[in-house]
Amino acid sequence: MGDVRGMDLLLAGTGSISDAVAHLLGSYGLRRVSVGAGPTDTPARALWSADLAPPGSVGPLVLVTEGWPINVDDPTAEVAQVPAAGTLTVRGEPGEVVIGPWHRLGAPGCPSCVDLRRSRAQEHFRALRARHAARLADAPPAGIPAPAVAAAAELVAAEVTAMREGRYADLRVVGAVMRLSLDTLDVRTHRFLADPLCPHCGTLPDDGPDRAWLDLRSRPKSAPDRYRLRDLRQEFDDLRTLFVDPYVGLVRRVERDDEAGFTVARAPLGLRGGDPTVAPVTESGWGRSDNYRSSDSTALLEAVERWGGASPGGSRPTVRAPYRAISSDAIDPRALGTHAPEAYATPDSPFVPFAEDTVCTWVWAHSFRQNRPVLVPLSVAYWGTALTHPDEPRFVDEISNGCALGSCMEEAILFGLLEVAERDAFLLTWLARLPAPRIDLTSTSDPRTSMLVHRIEETTSAEVTVYDITVEQGVPCLWAMATHRHPGTGSPALVCAGGAHPDPEQALRQALGELGPIAASVARSAPGHTDRIEAMIRDDALVRRMVDHSLLYSHPAVGGRLDFLRGGDRTTTVADMARRCGLVPQDDLRDDLHALMDRFLSTGLDVLVVDQTTAEHRAAGLSCVKVLVPGALPMTFGHANRRVHGLDRLRTVPARLGYRSSALPDSAINPHPHPFP
């Protein structure tokens, strides 16, 4: 905020709160102005015309309204965008008075940002505003109690006084709002993050090749076996303050539960887009570990990652063209795997077959094989395109596969690439029915792993087995399975999970940490879906949601579909796996990442990285990416959505690994839905 000492104070608005503010601040040379048409002492719109009043030359302005805004483009929001030294908005709403934020034209964090955040953080706010705001705006709260009027005026006066006296550290509603309860006079402060897509103060840059270019930097590690540069569990309190708030937070809350002796946390957030007349689409981050702090932290960070992966929030896409016109700079979407022709032909399919003449939106990514920026379809780079760009053609079903968050770009890329490797190895093993060797779980050198196995088996009455499903890149990938000892007794017959990490020991802990809570969750939910499960057994096409995959394999009738995996007699140890893979931990994370990427590049694949980092991520010093590997098998959910067409690796890698003497024919591809949770 600029220096406002000696400047007149402007007050716009009518009603009891406005009158009380005028009474308290009359000594500041206050001038009352109007926000709409009609006779005024000084016409408001003329007062802050850019020609007559350059930014910072007017104000501060206190803008008081007693009614809900209809939407982010309503007159209140427009009037708030004035070239004042600072504009403080005050709103009377049902049951409360909302004070703040202070905002200056050209700076981020305006009242419209608050409304955008509220519309996502509060499940019903958007729908209520769409249906009833016009009536509420015309009928402001009647008879605001005198104590509440006085309290609101005192809070406003304190803010204005602090600003005029240059005590900016005392301002409570810069990047925040205060809510004064009309009943209790309780005051709550809610900090919010400016929305880079705000129509009034957003400053989203254009996407372009220069922004996509990646030059990996040296990232020294605290220890060779540690692949996270910051322990974000220790920063959880700060991250929660930054991101979590039920009123205006990016994340609404962090919920806790427990499953199979593991602590489980969920962090829901509302996404951009969707129908404005209904509640926003909710996506959740999940955390599962042996302690609540780790689970809370993981859930929150996964939710923040989901925010970046859903829709463009770091730059504005600018390329819209058919593939034929930009093929020299673009990745052929068919290299990413497509659906079966019959899947596109179904009447309710939301996807369209790729054609070189189809006009679509593209975003820039960095290709490490070509060492230059390339274009990929928006609907592949961001999995929530259907919400934010409903008219955008979507060639394939895309999920958050390969999306990752890190404390730097190198860390995010490494973990995004590991996720791609894990899902590719799982699907390749499933679709080609590869008889993977079983891990001798007694060979682990980490007592925590043995404890995890014991805990899962004791709480689920299942036997835990883990299989080495590492494929040609030599990146340690595991398939963990809990098989019930007495199937048909009300507990799931089997549950699967996966894990991947440069260190097989850590991959094993990761897989087991996923397996235990998922097994308990399926055991709890499966009895309520008996009819649906039995229908899915008869018809694979009914497997449509993520949860359906685990529910289907909870039934003993389909357990035989995994005999190819369980029937082998080969075993291996964790140490043998580490020797075969040969990914030696380095002192610098950049070296680890180069070693991992070289595994893919040396097998003829590419590694593409879309920078999904937003201003919200940067506020916490985080980076967010989407990693794509053309040719790798992409994870999808819903049997009709699987993408195996155009991916030759599915046919050639089984022979390359020694499982077959020739290419895998289409007739040998596993026809059933995968069991990945």
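Quantities reported herein were computed from a predicted structural model and do not represent experimental measurements. Position 1 is the first residue of the sequence, and the numbers go up from there.
Residues S367 and D606 bring a donor and an acceptor atom of their side chains to less than 3.5 Å of each other. Between the side chains of R252 and T282, at least one donor N or O sits under 3.5 Å from an acceptor N or O.
A salt bridge is absent between E283 and R266; no separation between the charged side-chain nitrogens and carboxylate oxygens falls under 4.0 Å. The residues R288 and E514 are annotated as salt-bridged, a charged nitrogen and a carboxylate oxygen being separated by less than 4.0 angstrom. A salt bridge links D468 with R580: the distance from a Lys NZ or Arg NE/NH1/NH2 to an Asp or Glu carboxylate oxygen falls below 4.0 Å. Here D290 does not pair with R448 in a salt bridge; the nearest charged N to carboxylate O distance is not below 4.0 Å. Ionic pairing of E411 and R230 is not present here: no N-O contact between side-chain nitrogen and carboxylate oxygen is shorter than 4.0 angstrom. Electrostatic pairing of K221 and D592 counts as a salt bridge here, judged by a charged N lying under 4.0 Å from a carboxylate O. Salt bridge E255/R253: present, at least one basic N to carboxylate O contact under 4.0 Å. Using a 4.0 Å cut-off between charged nitrogen and carboxylate oxygen, D446 and R509 count as a salt-bridge pair. A salt bridge does not link D296 with R233: every distance from a Lys NZ or Arg NE/NH1/NH2 to an Asp or Glu carboxylate oxygen is 4.0 Å or more. With respect to D397 and R643, no salt bridge is recorded, no charged nitrogen being found less than 4.0 Å from a carboxylate O. Between D237 and R240 there is a salt bridge, since at least one side-chain N of the basic residue sits less than 4.0 Å from a carboxylate O of the acidic one.
Within a 6.0 Å sphere centred on CG of D569, heavy atoms belonging to other residues, nucleotides or ligands number 12 at most.
Two residues are said to be in side-chain contact when any heavy atoms from C-beta on lie closer than 4.5 Å; V495 and S554 fail this criterion. The closest side-chain heavy-atom distance from R642 to L427 is not below 4.5 Å. When side chains are defined from C-beta on, M409 counts as touching V625, because their heavy atoms get closer than 4.5 Å. Side-chain contact check for Y467 versus T571: every heavy-atom pair is 4.5 Å or farther apart. The closest side-chain heavy-atom distance from L229 to C408 is below 4.5 Å. The shortest side-chain heavy-atom distance between T573 and I439 does not fall under the 4.5 Å cut-off. Between H617 and S623 there is no side-chain heavy-atom pair separated by less than 4.5 Å. You'll find the side chain of H484 reaches within 4.5 Å of the side chain of S461, heavy atoms only.
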Listing, residues 556-563 side-chain donor-acceptor contacts under 3.5 Å, not counting sequence neighbours, or none:
residue	atom	partner	partner atom	Å
R561	NH1	Y553	OH	3.4
D563	OD1	R566	NH2	3.3

Apply the test side chain to side chain donor-acceptor pair (under 3.5 Å) to residues S445 and E505: give CA-CA distance (whole Å), side-chain angles for both, the deciding distance (0.1 Å), then the verdict.
CA-CA 8 Å; S445 60; E505 286 279 8; 2.9 Å; yes

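Using a distance-only test at 3.5 Å, with no hydrogens or angles considered, no donor-acceptor pair links the side chain of D539 to the main chain of M536. Judged purely by atom type and a 3.5 angstrom limit, S443 uses its side chain to pair as donor or acceptor with the backbone of V574.
Atom CG of L650 sits about 10.0 Å away from atom NE2 of H645, to the nearest 0.5 Å. The distance from atom OG1 of T460 to atom CZ of R485, rounded to the nearest 0.5 Å, is 7.5 Å. Distance CG/L593 to CG/L418: 9.5 Å, rounded to 0.5 Å. Note: S222 OG to D587 CG = 10.5 Å, rounded to the nearest 0.5 Å. Here CG of L583 is found 6.5 Å from CG of L596. Values are rounded to the nearest 0.5 Å.
Separation of the F351 and H339 ring centroids falls under the 6.0 Å cut-off.
Ring geometry for F426 versus H674: interplanar angle over 60°, hence perpendicular rather than tilted (30 to 60°).
When the options F676, F637, W430 are evaluated for a ring pair (Phe, Tyr, Trp, His ring centres under 6.0 Å) with H549, the one that passes is F637. The one candidate from D424, T603, D598 that meets the side chain to side chain donor-acceptor pair (under 3.5 Å) condition with Q473 is T603. Only one option out of R219, R228, R226 pairs with L589 in a side-chain contact (heavy atoms from CB on, under 4.5 Å); it is R219.
In this structure, K626 fails the cation-pi test against Y382, since its NZ or CZ atom is not both closer than 6.0 Å to the six-membered ring centre and inside 45 degrees of the ring normal. Figure legend: R334 and F395 shown without cation-pi pairing, the cationic atom not lying both under 6.0 angstrom from the six-membered ring centre and within 45 degrees of its axis.
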